[in-house]
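Here's the structure, in structure tokens; my notes come after.
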Amino acid sequence: MLGFLKQPVVVTAEINVNLVALTVMGLVNRLWALSYPRAVVFDEVYYGQFVSLYMKRIFFVDDSGPPFGHMLLAFGGYLGGFDGNFLWNRIGAAYQILVELHFSHCAAFGAALLILFENSLITQSRLMLLESVLIFFILLAILSYLKFYNLQKCSPFTAGWWFWLLLTGVACSCAVGVKYMGLFTYMLLLAIAGVHSWHLIGDQTLSNVSVLCHLLARGLALVVVPVAMYLFFFYVHLTLLYRSGPHDQIMTSAFQASLEGGLARITHGQPLEVAYGSQITLRNVLGKPMPCWLHSHKSTYPIRYENGRGSSHQQQVTCYPFKDVNNWWIVKDPGMQQLVVSNPPRPVRHGHIVQLVHGITTRYLNTHDVAAPLSPHSQEISCYIDYNISMPAQNLWRVEIVNRELDTDVWKTILSEVRFVHVNTSAVLKLSGASLPEWGYRQLEIIGEKLSKGYHQSMLWNVEEHRYGKSQEQKEREVELHSPTQADISKNLSFMARFTELQWKILTLKNEDTEHKYSSSPLDWITMDTNIAYWFHPISGAQIHLIGNVLTWASANVATLVYVCLFLWYLLRRRRKICDIPEDAWRLWVSAGGLCVGGWAVNYLPFFMMEKTLFLYHYLPALTFQILLIPVVLQHLTDHLCRSQLPKNAFSALMVAWFSSIYLVYRTFSPLTYGEPTLSAAELRALRWKDSWDILIRKH
């Protein structure tokens, strides 16, 4: 029996003590007193509103970027049981990257500590903001690519190789999906992958088939997967937000009609094909400076304007930014007198000549060789009135459908974007965007653009509300125009059409607030000459600021300068055939700098070309790459410039003092990072290390 007894199996597991320690420290300094303050902090005003709209399935548009980051915040709210009923209306894994770059664990541990004790990153990660999420996916993309690249040398096309390559593409798409700033790092990784692919093409040990497989794998993982995931983010976003909301008006009529409630409630089931006798409202496609509809009223243009120019004194035609019965027009056949739809209806097609009759006043849309009120280079648009002044009517318009489908050229409700070209003068009906004076009730000017080429959105119109006219008599027709539209036919937009429109709106929609108290220029970021007051308690004076660890920021700038100078020195010396460091150390120096300095540059320099309100938190992704560079430079100085033991010992002692100082600076500013403990006025003044910092002092 003893022969059948087996020796007990001893299972051993290696525990990385450094990694465990970093994890614990990270959880403590990020999660400590996380529920404080119980108030809305800075941009949580906006992100909280977006989370609430997700909970209620209400559509919105955020011009700051794609929806993935908002969906992550909303998912967290959903897991926490948030129902969206809160008014947000008042402000009240770096450790492994350096290892994969083949630097020491000591350097990687130092980089992790620098990030752990960076006050600005702590502040941003503890609040419902997106920069920390963005930085996470950026670092995940960098780490994944380095893992993949290191496996490329020994085990290509294995399961691990595919995992890290695909994870690189997924992380890149997530970074771009959180904020468009993620695109900078994505482009950097594509450039690095392009260089590595170029080296693969020149590798004579690989067959042509093998090279092709490598290129196809990278194209699939780094291009196709990110694009597909980016589209998927918007698909989920549009699927969740199916109800009409506060941002509907900036979208086209077709988009609005695809949402539940709002315009969809009015237009659902309208006649699809515009026919002679149709009663329609015409919305300008541009939607700037505000959405508006072609409009007329009984008031006429002044006989003479303030500058002495004369007008036709005919009925005003404007673009009105509100729903109104005076927005209704009747599509008339110039060869017939009737203003009702025949049976069967005769649809209007591309190239047909029509007259547009104002529904309430029965005047015809007209233009002539008279200067527009505010745009003297263009023609006046009026509703024709015969004042016996020898000015004949010129009210024929050619319908041009600019987005007509290949299989049909019929003018369609909501879907068709139409240009109206005046038959006599070839002028195009256009929104100038200028506001008329008091005599025009501050409504927007409509003009006839002469010799216009192309299809600018200001000259495109779509039918929003539509009914088939049934009343020939004017009084009966006025009653009909005041009544709701009737439902007959409906059609929804495809996902790609809605995605394209929403993507364009996000990219082109500009916030009117061009200045902010805490906005700053990119030049102010490097030396942290600015800060942002995120939250202030009105009674105790406790406050939270976005303010960095001054010593870390200064060290990052010095490390960047030292790296650039050393790189240029080595490069110049190598040109003279003098190699100061071994070849493998040079390659490591170049690759680390290309990643860290390159990551800093692509995440910082583009802001100099942006015309938008900028804040200090825009610099945090670039700062993260700079922090990774600090241990790289320190290890290089230790390994290659401190050649004897004495300088190495002195350098080590200096590093201990430096890390201790960084921790002391972190502790000094932690009351502004966590919002507690409350500091006295004297203590707050002592933290104002720079005159440009706005530390709030409560006045008694």
Side-chain angles (χ1 to χ4, degrees), residues 253-254 256-258 263-283 293-296 323-366 383-384 393 395-423 429 461-493:
S253 301
Q256 293 182 56
S258 69
L263 181 63
R265 183 176 54 199
I266 301 173
T267 61
H268 177 73
Q270 290 182 150
L272 180 62
E273 297 183 347
V274 178
Y276 291 108
S278 286
Q279 299 171 358
I280 62 174
T281 63
L282 289 166
R283 185 181 191 265
W293 292 262
L294 189 66
H295 176 94
S296 187
K323 299 293 182 68
D324 189 88
V325 70
N326 281 309
N327 298 347
W328 284 94
W329 299 82
I330 302 171
V331 182
K332 180 181 175 297
D333 185 344
M336 303 179 68
Q337 292 300 317
Q338 68 181 37
L339 296 177
V340 297
V341 176
S342 60
N343 190 14
R346 293 186 299 124
V348 180
R349 300 179 182 275
H350 174 74
H352 280 192
I353 306 299
V354 301
Q355 293 172 311
L356 293 177
V357 182
H358 189 242
I360 297 299
T361 64
T362 67
R363 304 292 182 181
Y364 288 67
L365 188 70
N366 179 83
C383 275
Y384 182 75
N395 50 36
L396 298 179
W397 300 86
R398 184 171 66 254
V399 176
E400 293 185 353
I401 306 172
V402 303
N403 64 337
R404 60 188 181 278
E405 300 172 0
L406 295 177
D407 58 339
T408 179
D409 58 356
V410 175
W411 185 5
K412 294 182 179 180
T413 304
I414 292 180
L415 302 177
S416 296
E417 295 180 352
V418 176
R419 195 170 79 144
F420 295 99
V421 181
H422 191 238
V423 173
L429 187 70
W461 306 82
N462 69 271
V463 173
E464 187 169 270
E465 297 182 64
H466 177 211
R467 62 161 63 87
Y468 282 162
K470 299 177 181 178
S471 304
Q472 183 67 25
E473 296 297 326
Q474 176 64 15
K475 291 185 178 180
E476 296 178 359
R477 186 163 58 246
E478 289 185 17
V479 174
E480 185 178 5
L481 291 172
H482 280 88
S483 64
T485 52
Q486 301 298 316
D488 293 320
I489 306 172
S490 66
K491 184 174 181 179
N492 292 326
L493 279 181

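Predicted, not measured: the structure shown is a model, and the values here were computed from it. One-based numbering along the sequence shown.
- The minimum heavy-atom distance linking Val410 with Ser416 is given by the pair O-OG, 3.9 Å.
- For Asp324, the side-chain hydrogen bond (donor to acceptor under 3.5 Å, both in side chains) test picks out Asn326, with sequence neighbours left out.
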With side-chain contact (heavy atoms from CB on, under 4.5 Å) as the criterion, how do Trp411 and Ile401 come out once you've worked through the C-alpha distance, each side chain's angles and the decisive distance to 0.1 Å? CA-CA 7 Å; Trp411 185 5; Ile401 306 172; 3.9 Å; yes
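- Every residue meeting the side-chain hydrogen bond (donor to acceptor under 3.5 Å, both in side chains) condition with Glu400, not counting sequence neighbours, appears here in chain and number order: Arg398, Arg419.
- Residue pairs satisfying the salt bridge (charged side-chain N to carboxylate O under 4.0 Å, His left out) criterion with at least one member in residues 347-362, sequence neighbours excluded, are listed as follows: Arg349-Asp409.
- Of all heavy-atom pairs between Glu273 and Pro347, the closest is OE1-CB, 3.9 Å.
- Evaluated for a side-chain contact (heavy atoms from CB on, under 4.5 Å) with Arg363, the options Asn366, Thr361, Ile360 yield exactly one hit, Thr361.
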Evaluate Val341 against Tyr276 for side-chain contact (heavy atoms from CB on, under 4.5 Å), listing each step before the verdict. CA-CA 6 Å; Val341 176; Tyr276 291 108; over 6 Å; no
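- Put simply, the side chain of Ser278 reaches to within 4.5 Å of the side chain of Tyr468, judged on heavy atoms.
- Identified under the side chain to side chain donor-acceptor pair (under 3.5 Å) test for residues 331-341, with sequence neighbours left out: Lys332-Gln355, Asp333-Arg346.
- Inter-residue side-chain proximity for Trp329 and His358 is flagged as met; some heavy-atom pair is nearer than 4.5 Å.
- Residues satisfying the side-chain hydrogen bond (donor to acceptor under 3.5 Å, both in side chains) criterion with Thr281, sequence neighbours excluded, are absent altogether.
- At a threshold of 4.5 Å between non-hydrogen side-chain atoms, the residues Leu429 and Leu365 count as touching.
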Start with the C-alpha distance between Trp293 and Glu464, add both sets of side-chain angles, then the distance that settles side-chain contact (heavy atoms from CB on, under 4.5 Å), and finish with yes or no. CA-CA 9 Å; Trp293 292 262; Glu464 187 169 270; 2.9 Å; yes
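- Evaluated for a side-chain contact (heavy atoms from CB on, under 4.5 Å) with Leu396, the options Ile353, Val354, Val421, Leu356 yield exactly one hit, Ile353.
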Could you walk me through whether Leu294 and Asn327 pass the side-chain contact (heavy atoms from CB on, under 4.5 Å) check? CA-CA 6 Å; Leu294 189 66; Asn327 298 347; over 6 Å; no
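- One distance of note links NZ of Lys323 with NE2 of His295; it measures 14.0 Å at 0.5 Å rounding.
- In this structure, Asn462 and Leu282 have side chains that are not in contact, with every pair of non-hydrogen atoms separated by 4.5 Å or more.
- Remark: Arg283 CZ to Ile414 CD1 distance equals 10.5 Å, nearest 0.5 Å.
- Residues passing the ring pair (Phe, Tyr, Trp, His ring centres under 6.0 Å) test with His422, sequence neighbours excluded: Trp397.
- Listed for the Thr413 side chain is a donor-acceptor partner under 3.5 Å among the backbone atoms of Pro271.
- Considering all non-hydrogen atoms of both residues, Leu339 and Ile330 come closest at O-CG2, 4.0 Å.
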